[in-house]
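Structure record follows, encoded as structure tokens.
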There are 2 protein chains.
Amino acid sequence: MSKLWGMPDRPDLAAMAAPLTRALMAAETPILREHGLSMWAYAVLLGLDERPVRTQAALAESIGADKTRIIRVLDDLQRRGLIERSPDPADRRVRLLSITPEGRRLRDAAQAGIRRMEERLLSRLSDDDREAFVRVLRVLSALPAQEFR
Amino acid sequence: MSKLWGMPDRPDLAAMAAPLTRALMAAETPILREHGLSMWAYAVLLGLDERPVRTQAALAESIGADKTRIIRVLDDLQRRGLIERSPDPADRRVRLLSITPEGRRLRDAAQAGIRRMEERLLSRLSDDDREAFVRVLRVLSALPAQEFR
DNA sequence: ACAGAAGATAAGCGTATGCATATCGTCTGC
DNA sequence: GCAGACGATATGCATACGCTTATCTTCTGT
């Protein structure tokens, strides 16, 4: 009864997810470096994708970063013209964050390189497996923390 | 042509794998604490599962740890009688590492708690999705780093 | 037998991270 | 109108990590 669904023995999920994440990030890092982006900077550009985010704290939360540490990253991205940080006319405490066309270009270029790496990796799977894996990964990664209790 | 295989737009794999890993580890931590185990200590017990490992460096490598940092963890586990560290009679530089029955009991108990959490999580998937996800995760997590180039 | 390699261990360094605190400007409910 | 809440920012601290160096013991090739 310890094996519901007839699932064969397997490693813990975290014991598989952690090395995979490490390997993916290790593979991303040099690609991002080529574009002059740190992991956090890239995460910010992704987080600002499309919808502008209203507050820096909200952005930090959405990308799982510390809200005080993200500030230097934003400073740098703004200085390089990749994002815009304008005071909200309706609430001058707030900085409206948005990605610039230049920022979008850079993000797209970096992401394209990353996608090439990822697709090489996924190409070893069957179409069905690839589809199911990405779909499930998407669902599980989007679950709120309390679903893991 | 940017969408081979008709794959719909999706987040980067790392952007999904990283939060999932974080959530899984966050959910594991309190379970391990109940058994008096740190994440590294648990990783060691898992790494020693079944086959005894011949050298500490090999163990460290197999669980993705630093070989100098792991020593204190081994000291602690040995002191608690959860592992054994005996000099190899054939090469007295080497410490043969093995898990004790007591260590196995503790590992099993901790793992059972973790499995309950994981199965609750996976229970929201269809049988097919669950099977494919775990199988693919297992394959990808076991790939050597150079496969990610 | 001896030089060099290998294993275990200790210690130090630079960096990243999460967490807490403090300040300052601004808003909002009463 | 003011107290308290909120957002952005800077700073400090403890922790953890990867990496390097050094030391000691033991083995191996020549």
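Note on naming: letters A, B, ... go to the chains in the order of the sequence lines (proteins, then strands), and numbering restarts at 1 for each one. What you see below is based on every heavy atom in this structure, not just the backbone, and it leaves out hydrogens, waters and symmetry mates.
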Task: Spacing between R85(B) atom CZ and dA8(C) atom C1', to the nearest angstrom - done: 9 Å
- [ ] Look at the side-chain N and O atoms of W40(B) and state whether any lies under 4.0 Å from the OP1 or OP2 oxygen of dC17(D).
- [x] yes
Open item on the list: Any base atoms under 4.0 Å from R69(B), or only sugar-phosphate, or nothing? Heavy atoms, all strands.
Closed with: base
Open item on the list: Does this structure show an ion pair linking R120(A) with E147(B), if we count only N-O contacts that are shorter than 4.0 Å?
Closed with: no
Open item on the list: For D108(B), is there an ion pair with R105(B) - N to carboxylate O distance below 4.0 angstrom?
Closed with: no
Atom pairs under 3.5 Å, N or O on each side, protein against nucleotides 2-5 of chain D: can you list them with distances?
none

Open item on the list: Rounded to whole Å, how long is the line connecting atom NZ of K67(B) with atom P of dG7(C)?
Closed with: 10 Å
Open item on the list: Looking at R130(A) and E119(A), is any side-chain nitrogen of the basic one under 4.0 Å from a carboxylate oxygen of the acidic one?
Closed with: yes
Task: Euclidean distance, atom CZ of residue R72(A) to atom P of dG12(D) [Å, nearest integer] - done: 11 Å
- [ ] Looking at every strand, decide which applies to R54(B) at a 4.0 Å heavy-atom threshold: base, sugar-phosphate, or nothing.
- [x] nothing
Open item on the list: Assess whether a salt bridge exists between D75(B) and R85(B), defined as any Lys/Arg side-chain N lying under 4.0 Å from an Asp/Glu carboxylate O.
Closed with: yes
- [ ] Please figure out whether G64(A) or L97(B) has its closest DNA chain C nucleotide nearer the 5' end.
- [x] L97(B)
Task: Spacing of I70(B) atom CD1 relative to dA16(D) atom C1', expressed in whole Å - done: 15 Å
Task: Of D129(A), D127(A), L121(A), D128(A), the residue whose pairing with L125(A) passes side-chain contact (heavy atoms from CB on, under 4.5 Å) - done: D129(A)
Task: Upstream residue (5' side of DNA chain C) when D91(A) and T68(B) are each assigned their closest nucleotide - done: T68(B)
Task: Between P of dA8(D) and CG of L59(A), the distance in whole Å - done: 10 Å
Task: Below 4.0 Å: OP1/OP2 of dC27(C) and any side-chain N or O of R92(A) - done: yes
Task: Salt-bridge criterion met for E84(B) and R95(B) (N-O under 4.0 Å) - done: no
- [ ] Measure the spacing between CG of L59(B) and CD1 of I70(B) and express it to the nearest 0.5 Å.
- [x] 4.5 Å
TODO: Indicate whether OP1 or OP2 belonging to dT9(D) is found under 4.0 Å from a side-chain N or O atom of R95(A).
DONE: yes
